[in-house]
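Data first, discussion second: the structure below is written as structure tokens.
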Protein chains: 2
Amino acid sequence: MAVTSTAEQGRTFIDEGDPADHFFNITSGTARLFKSLPDGRRQITGFAGRGHFLGLAVSNSYAFSAEAIEPVQYCRFSRAKLRMMLDDFPALEKRLLDVASNELVAAQEQMLLLGRKTARERVASFLLARRLESAACVSPAVHVHLPMTRSDIADYLGLTIETVSRTLTGLKADKLIGIPHPSEIIILNHQGLTAQAGGH
Amino acid sequence: MAVTSTAEQGRTFIDEGDPADHFFNITSGTARLFKSLPDGRRQITGFAGRGHFLGLAVSNSYAFSAEAIEPVQYCRFSRAKLRMMLDDFPALEKRLLDVASNELVAAQEQMLLLGRKTARERVASFLLARRLESAACVSPAVHVHLPMTRSDIADYLGLTIETVSRTLTGLKADKLIGIPHPSEIIILNHQGLTAQAGGH
DNA sequence: GAACGCATTTGACGCAAATCAATCAGGCAA
DNA sequence: TTGCCTGATTGATTTGCGTCAAATGCGTTC
């Protein structure tokens, strides 16, 4: 009923359009969630980490795909099982509603970013959001780890790889961030970066 | 506790950032839901019609504003009242979870549109989505009514008024749609329009 | 029906980001 | 160490859409 599995790096464990008969809970690692157009264009709708629930869809097919960026461990239930659990533990339903509400708020914020922000604002917003997420981990936390590639960041922010790279270089030139390694960013001027993020 | 009110056209009845102490259910009319940046840029995250729930946020302030496009009638509860109702009627919680899940799917589709589709694909997608929504009403339903202004459409699709107008004119020139009136669109070639929408 | 105001359309031009094209840097196997 | 492969950066050029500006159409009031 509830199976624990691992998806190695790069493995797609949810396919957009497939019958949605399972519900997932990620226990470790990071996955990218995305939708694709027939010609290959891709929009990453979010990154899912530890504790994230996937597969809430009401419809009978998944609305997005999920792929492991780092090795991902997850717990998988059949939807029938989920329904039983929801009946047995009403508190779980409350929890899922909270989760969905929060994701909705995040999605609306992302729509603002995709529809109305400039490239620089998008990248700055992204770094600040990443910092918040990982705040629980390292103490200084001006240190932001990016487990995903430039291609992932571009597809998340509605930009191209080149623009993401150029924008990061630009922020570095303005002494707002440091880039010791492509996947490690240091926020040197938090206030300045916030000002570049569209001041929201 | 539960108050029925009316917001005349143009009236803002939810303000982004205000304390979120109420929960709304629209009983008639249409509202635009949007987020704004300090400099005035605006992203409409959706249009809410009859039956739509608003104010699900977990946080203590509204994540978006709501403004009446047409006169809007709504029912308003305090969040305390909502909590009581949720305790009394577990089915309501299920319903809200379904609603939130559906909105999440729609939000992801909109992210794909905003992040990766061209102007023409956005407008075509928008018209087709509008047609689906109003499908329940008129029978032929090739007739799409747009209660919102070009400015609203632009802010929903992440474009400018001018681009929306030019794109509609272009679709008309290609005999895919007819525009008897700015707020009335006729879909002349459904299949052709679908092909222009990014084939999704 | 004349005159005003607002939304929409149309036109000319500019620019931010995309595209096309090398080049560079780091990890890994031989 | 050398060479290769993959991902990131940097550079040159193009372009789709935004900006600025003017014209058109339509509903409303006088």
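We name chains A, B, ... by the order of the sequence lines, and we start the count at 1 in each one. Heavy atoms only: backbone and side chains are in, while hydrogens, waters and symmetry mates are out.
- By the side-chain hydrogen bond (donor to acceptor under 3.5 Å, both in side chains) test, B:Thr30 pairs with B:Glu70, sequence neighbours left out.
- Rounded to an integer number of Å, the gap from NZ of A:Lys117 to P of C:dA16 is 19 Å.
- With sequence neighbours left out, B:Ser183 forms a side-chain contact (heavy atoms from CB on, under 4.5 Å) with B:His145, B:His181.
- Ion pairing between A:Asp88 and A:Arg83 fails under the 4.0 Å rule for side-chain N and carboxylate O.
- B:Gly170 comes within contact range of no nucleotide atom at all, as no heavy-atom separation falls under 4.0 Å.
- We find that CG of A:Asp155 is positioned 14 Å from C1' of C:dA18, with the value rounded to whole Å.
- Applying the ring pair (Phe, Tyr, Trp, His ring centres under 6.0 Å) test to pairs two or more places apart or on separate chains, those with a residue in residues 79-132 of chain B are B:Phe126-B:Tyr156.
- A side-chain N or O of B:Thr12 and one of B:Glu67 form a donor-acceptor pair less than 3.5 Å apart.
- Computed from coordinates, the A:Leu157 CG to C:dA18 P distance equals 11 Å when rounded to whole Å.
- Atom CD1 of A:Ile161 is separated from atom CZ of A:Arg150 by 10.0 Å, given to the nearest 0.5 angstrom.
- Heavy-atom contacts of chain A under 4.0 Å fall on DNA chain D between two terminal nucleotides, which in 5' to 3' order are D:dA8 to D:dA12.
- Taking atom CG of B:Leu114 as the reference point, atom C1' of C:dA17 lies 17 Å away to the nearest angstrom.
- Under the rule for a side-chain hydrogen bond (donor to acceptor under 3.5 Å, both in side chains), A:Arg122 has no partner lying at least two apart in sequence or in another chain.
- Considering B:Arg41, B:Lys35, B:Arg32, B:Arg42 as possible partners of B:Asp155, the one that fulfils the side chain to side chain donor-acceptor pair (under 3.5 Å) test is B:Arg42.
- Across the protein-nucleic acid pair, A:Leu113 atom CG and C:dA17 atom C1' stand 15 Å apart, rounded to whole Å.
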Inset, instruction - For each nucleotide in nucleotides 8-14 of chain C, reading 5' to 3', give B when a protein heavy atom comes within less than 4.0 Å of its base, S when such contact involves only the sugar-phosphate, and - otherwise. - result: SBBBB--
